[in-house]
Each structure stands twice: as structure tokens, then as C-alpha cells.
Amino acid sequence: MESSAAELARLRHSASHVLAQAVKTLYPDVKLGIGPAIEDGFYYDFDWQEGFTPDDIEKIEAEIARIIAANPVFTHREVAKDEALSLFADEPYKIDLINELPENEAISIYNQGSFTDLCKGPHVESANQIGAIKLLSVAGAYWRGSEKNPMLQRIYGTAFPTQEELNIHLERLEEARKRDHRKLGKELDLFSFHEEGPGFPFWHPKGMIVLNELLDYWRCEHSQRGYQEVKTPMILNEDLWHRSGHWDTYRENMYFVNIDEQVFSVKPMNCPGTILIYKDSMKSYRDLPIKYAELGHVHRHEKSGVLQGLFRVRAFTQDDAHVFCRPEQVQEEIGKIIDLIESLYSKFGFNEYRIELSTRPEKAIGSNEMWEMAETALNETLKSKNINYQINEGDGAFYGPKIDFHIKDSMGRSWQLGTIQLDFSMPERFELEYIGEDGKSHRPVMIHRAAFGSIERFMGILIEHYAGALPLWLSPIQVIILPIADRHHEYAKETASKLAEFGIRVKVDSRNEKTGFKIREAQMEKIPYMLIVGDREAEAGRVSVRSRESGDLGAMSFDEFASKINAENS
RNA sequence: GCCGACGUAGCUCAGCUGGUAGAGCAGCGCAUUCGUAAUGCGCCGGUCGUCCGUUCGAAUCGGAUCGUCGGCUCCA
């Protein structure tokens, strides 16, 4: 039986209290932080200088089992503030929380067995309703999420009404680990990372094929929609970054080089370069919108602890574009960008996505009026397109508010990809202009946008989404021909060159190995089609087709196979 | 950057309380010419991340440093 999200949350929140009770029983000197339910589980934060070892976790799990077997009842009561303060006198973090509660309200506390916690609830009635608990990991976490506060030990876990449901969840986690793009990237020989350049991906020949196929598709879709591709320099001098505002807001993430007494910065964003192209000639209102697209390779010095495979790197390619338009064109242009992004995602089966609108951050440039104008424009566009969206306060880019796209992959995991950012600020700073119908100079609006976001991150997401089995058009090797014995090599080669003429990426496995072995390897390499050729095929001029998904498809003529694969590839 | 764990052959991993390294896979060689997920035999391969230190002696102990992983913070 499926449990509702609210039931699961209540159960997991109760599980976190049981965890805290177990920890307090075993380590009475531990100070308690907070312990909420989260998506897929729960955690509890503890202040414990010694940290928790895997041994400790085992002991804690055993203690949890004991508590659940004793089946304490969860009871609720409300107390006055001074009673709460004395009740939690030994818990400095709880005191912290109590002091922040409204003065005159009663304070809600929950108790089960020997354990009492400051808590709004709700909880299960008694511990045996929790069913199955599993502790998953231990990690440091700042008190109340701020770097300035002490770091506590956070124990993560999950809980389900039954052991079966827990097992299913653990299997899902295992499945996610198998899909890890870092593991698959190595196994499929797509890319690598090296100590010599932490956070800088190295693309191998096979990875480059996937990347280039992806970019071919991207270029085609963009040129059809009036985008013009440009390329701007990797490093540009200091003055430009002062002018753009990056120097003041982004410097700690920038790489620098000194040459001829000048400071150059490796670009962390492409916009300033593109602006120089815009400014290179006089623009008329008739020229707008101008859409400059750039697959810009940017470098950002991210903190060492945040790097994560292709998902978080220090050098990546943005599928960037900057649309320069008249103010009255903004809404239409944003609408077109949303359509384009939607169309690009559907190619990969990302049909479900969520949109967030992020507003002015603390570190921002530009006047309040500009921000207001920009935020209104984005709001209006989304409303006029009848799109549901959430507001994300204070999460905009430093030069303007943005719309972000979050997609769901084949495992239901959510990823942020595309972004549309509206910018009145850069045009001001760089004094961009166009000549209007009235013959006077006007200021254009700039829209920064990316559909995949980062090509590297997108590749990582695709690898996990497809579990490494990339669709035919993206597969580095599309067809592998497996001759049964040496005497079939000639026929295999002929077949291969005929396929290559259709633009199919094909390889012949002419190693002296048994067919079963070759199939196994091709299968592990996730090659979409295997053609097995032996005496039967060579004599009849046919091929035996095996698909990586559905196995043996039987024999067919070369033309039959060629038209099948061409249809699938287009 | 912070907390914690980890770092042994190309890969996956073993090596207890200190006595100068071991397996499987991959690679190479030979035999085999074999029909839908692993043919057999043999060979090669490691200054045990790096640097200091303790010790007669360090992959094993201590420190520093780099990198990776799980999180926090940050982010495309």
C-alpha cells in the first residue's frame, strides 16, 4: 500500500526523534540540533565533537531497534516559555530556537519514552508504527545553515511503514549509484578527471562524438530560429570586468593572468564579450532582435568541496545566447525562448519541467526601477503563457532576475537546466544603443539565456537519464559488426563500409574471440546494434541483428537494416 | 572553504596488531575459428597519492599536503 507524502513525513519526523533518543541514550553529552523529515527520509543534527564513526552508527541502529521494540507512545503537550527554557536548560541550540519563538505563544513539545523534544509535530502515535528505519550517512552541517555557525554532525536516515518499502527504496538508491555518470563515464570511456586539473573535464574521443552530436543538434535548432553564432576570447582585460560589474560581484570566482603589466581575466561569463560585438557597429531598430549565440567555454574557480563529476566543474561550456531587443519586444522574445527550450528538452523525453522565477539578490547592480521593470516583465510573460511557476526570492543573477527550468529525469530526479535572465543593467553600463524609428538613440534590453545550462552538466544528466544507453543518434558507436570466424572478416568489412556511407558510426570486432564474448562486450559498451555475420549471412547477403534492448531480432537484408537504422537515426 | 571518510597494478579490490606487496578483470603471447552476455594456458605489470617524521625497519604509526567520495555552504 502506498503511503501519502504527509504520512511518510510524519513517520520520518518521528523516526528522527527516535534517532535522537537513541543518540542521547548512548551519548548523554551530545547536544541536540534539529531533526526534520526531508524528501526521501530524515536527519537529525547533533553537536558531538568526537564525531560518529561507522561503529557508532551500528550501535545507534541497534539502540533504535530496542526503542521501537519497547514501543513508546508519542505524547504532546504545550508549555510556557520559562518552563521550556528550564526543560531544555542543557540544550543550547534548543534554547536558541525557543528564544526565537513568539513571546506569548505556548510552546509545543513532544515526548516519547525518556526523550523530550521541542517540536511542532505531528507524530505517529507510537514508535512501532514507524516500521523500518535505516541510517544512511553522516555529514557535517552548519547550525542553521550558516558558515558562521558551528558545524554539527548530521545523521541521515530514512524510514518506511514496512521493511518491503524500505528495501524498494534502498534498491532505488543502488540503481542510482549504478547510473552515476562518473562511473559510467569511465566505463564507457567518455571523459576523465585528473589531479593535474581538478574540476576540469577531459573529453575522450567517444565523449567528443556525443558532445559534437549534441552541439550539431543545438546549432541546427538555433540557426532555424534566427540565432547567429559568435565566439569571444577566453581572456579579456581587467577594465572590461570592472565595467561589467563582474569585478565587484564575482571576483572570488575568477581566474587571472598577468601579462605585459596588464591583468587579464579568464572569462567566467560570455556576456561582456558579446556586448563588444554588438557595440562594434551602429544598430537600427530594424535589426532587432539580434540573437548572438555562443558555446562559450567559461572558467569559474569553485570552492574545492563543491566539485562533483560533470555536475559541478570549474570549466564548462554554456550554451549561451544573448538577445538584444527593443523594450516592447521583450515579452515576445522571452516567449520564443521558452518555446525553444521546451522543444530542445522534448528531444530527450524531458517533458515534465518546473519553472522558477528568481528575484533580486543581495549582491546586485542596477537601480530598483530596473529590477522592478525586469521582474514585472518576466512575471507578465509567464502569466500570459499560462505557465505555473514558483518565486525564488533573492536568487537572481547580479544583473537581473531570471527564469529557471527544472526537469525530471527517468528516475524522477530533478535537475536545473535552462535559464532566462532579463538585463537592463549591462546595456546601461556599456551604453548600448540602437537608432529608433524616430531617428533618435534608444537603449536595447538584453536577455541572457541558456537551454542546457552547461553542456558538461547536461551530458552528465543525459548519461544518468539513459543509464549510459544513449539513444542511437548520440551513441559513439552505433553499430558493431561481429564476424563469427576469420573467414567472415571480408564480408564484415564490406557491410561496415556500406553502413559508413550512410553516415553510420560502425566498427568491426575482428578479434579472435567467441561470439558470446563479443556480444557481452558490445552489450556492456551499450552499442545500440550488433550485426552478427557468419556463413549463413555471407552466403545470403544478409545480417543477423541484435539490439542492446531487445536481443536477437533475427536476420534481415542489408537494405532492410539500413532503412530501419536510418529511420531511427533521423 | 567547512565536517567526516577514503587514496595499494589501467579497473575492482585483498593485505590482522610495522619485517620492503597479492587476486580477478583488462593488456600482451600461444593455442583455438568457435553462432547471440566471459575458450584455455602462459607472460608483463605497483618507488602502496605526495612530502616530512617516528623506527634497525613503514603500504601498515604520526604530521602536513594534494586529490576523490558523502554532506554543509555556494552554483550552470
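Below, chains carry the letters A, B, ... as their sequence lines are ordered, and counting in each starts from 1.
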_Please enumerate all residues that pass ring pair (Phe, Tyr, Trp, His ring centres under 6.0 Å) together with A:Phe558, with sequence neighbours excluded._
none
*List in chain and number order the residues that pass side chain to side chain donor-acceptor pair (under 3.5 Å) with A:Lys24, two or more places apart in sequence or in another chain; answer none if no residue qualifies.*
A:Glu91
_Once you apply a heavy-atom cut-off of 4.0 Å, does A:Leu136 come out as touching a base, just sugar-phosphate, or nothing?_
nothing
*Check salt bridge (charged side-chain N to carboxylate O under 4.0 Å, His left out) between A:Glu333 and all other residues, then give those that pass, not counting sequence neighbours.*
A:Lys291, A:Lys336
*Given that A:Lys303 and A:Asn253 both sit by RNA chain B, which one's nearest nucleotide is further toward the 5' end?*
A:Lys303
*asked:* Run the ring pair (Phe, Tyr, Trp, His ring centres under 6.0 Å) test against A:Tyr399 and tell me which residues pass, sequence neighbours left out.
replied: A:His448
_Contact letters for nucleotides 35-44 of chain B, in which S counts primed atoms plus P, OP1 and OP2 and B counts the base, heavy atoms under 4.0 Å_ = BBBBB-----
*Between A:Leu417 and A:Arg511, which is nearer to the 5' end of RNA chain B once each is assigned its nearest nucleotide?*
A:Arg511
*asked:* Please enumerate all residues that pass ring pair (Phe, Tyr, Trp, His ring centres under 6.0 Å) together with A:Tyr27, with sequence neighbours excluded.
replied: A:Trp48, A:Phe52
*How would you list, by chain and number, every residue that makes a salt bridge (charged side-chain N to carboxylate O under 4.0 Å, His left out) with A:Asp47, sequence neighbours excluded?*
none
*Between B:A14 and B:U54, how far apart are the P atoms? Round to whole Å, please.*
31 Å
*Apply salt bridge (charged side-chain N to carboxylate O under 4.0 Å, His left out) to A:Asp56 and list each qualifying residue two or more places apart in sequence or on a separate chain.*
none
*When you measure from every atom of RNA chain B, which of residues 345-359 of chain A have a heavy atom less than 4.0 Å away?*
none
Counting only pairs under 3.5 Å, give me each side-chain donor-acceptor contact of residues 314-321 of chain A, with atom names and distances, residues two or more places apart or in other chains.
unit_1	atom_1	unit_2	atom_2	d
A:Arg314	NE	A:Glu302	O	2.9
A:Arg314	NH2	A:Glu302	O	2.7
A:Thr317	OG1	A:Glu456	OE2	3.0
A:Gln318	OE1	A:Asn270	ND2	3.2
A:Asp319	OD1	A:Ala451	N	3.4
A:Asp319	OD1	A:Phe452	N	3.2
A:Asp319	OD1	A:Gly453	N	3.0
A:Asp319	OD2	A:Trp218	NE1	2.9
A:Asp319	OD2	A:Ala451	N	3.0
A:Asp319	OD2	A:Phe452	N	2.8
A:Asp320	OD2	A:Asn270	ND2	2.8

*Can you give one letter per nucleotide of nucleotides 2-14 of chain B, 5' to 3': B if a protein heavy atom sits under 4.0 Å from the base, S if only from the sugar-phosphate, - if neither?*
BB-----------
*salt bridge (charged side-chain N to carboxylate O under 4.0 Å, His left out) with A:Arg542: which residues, sequence neighbours excluded?*
none
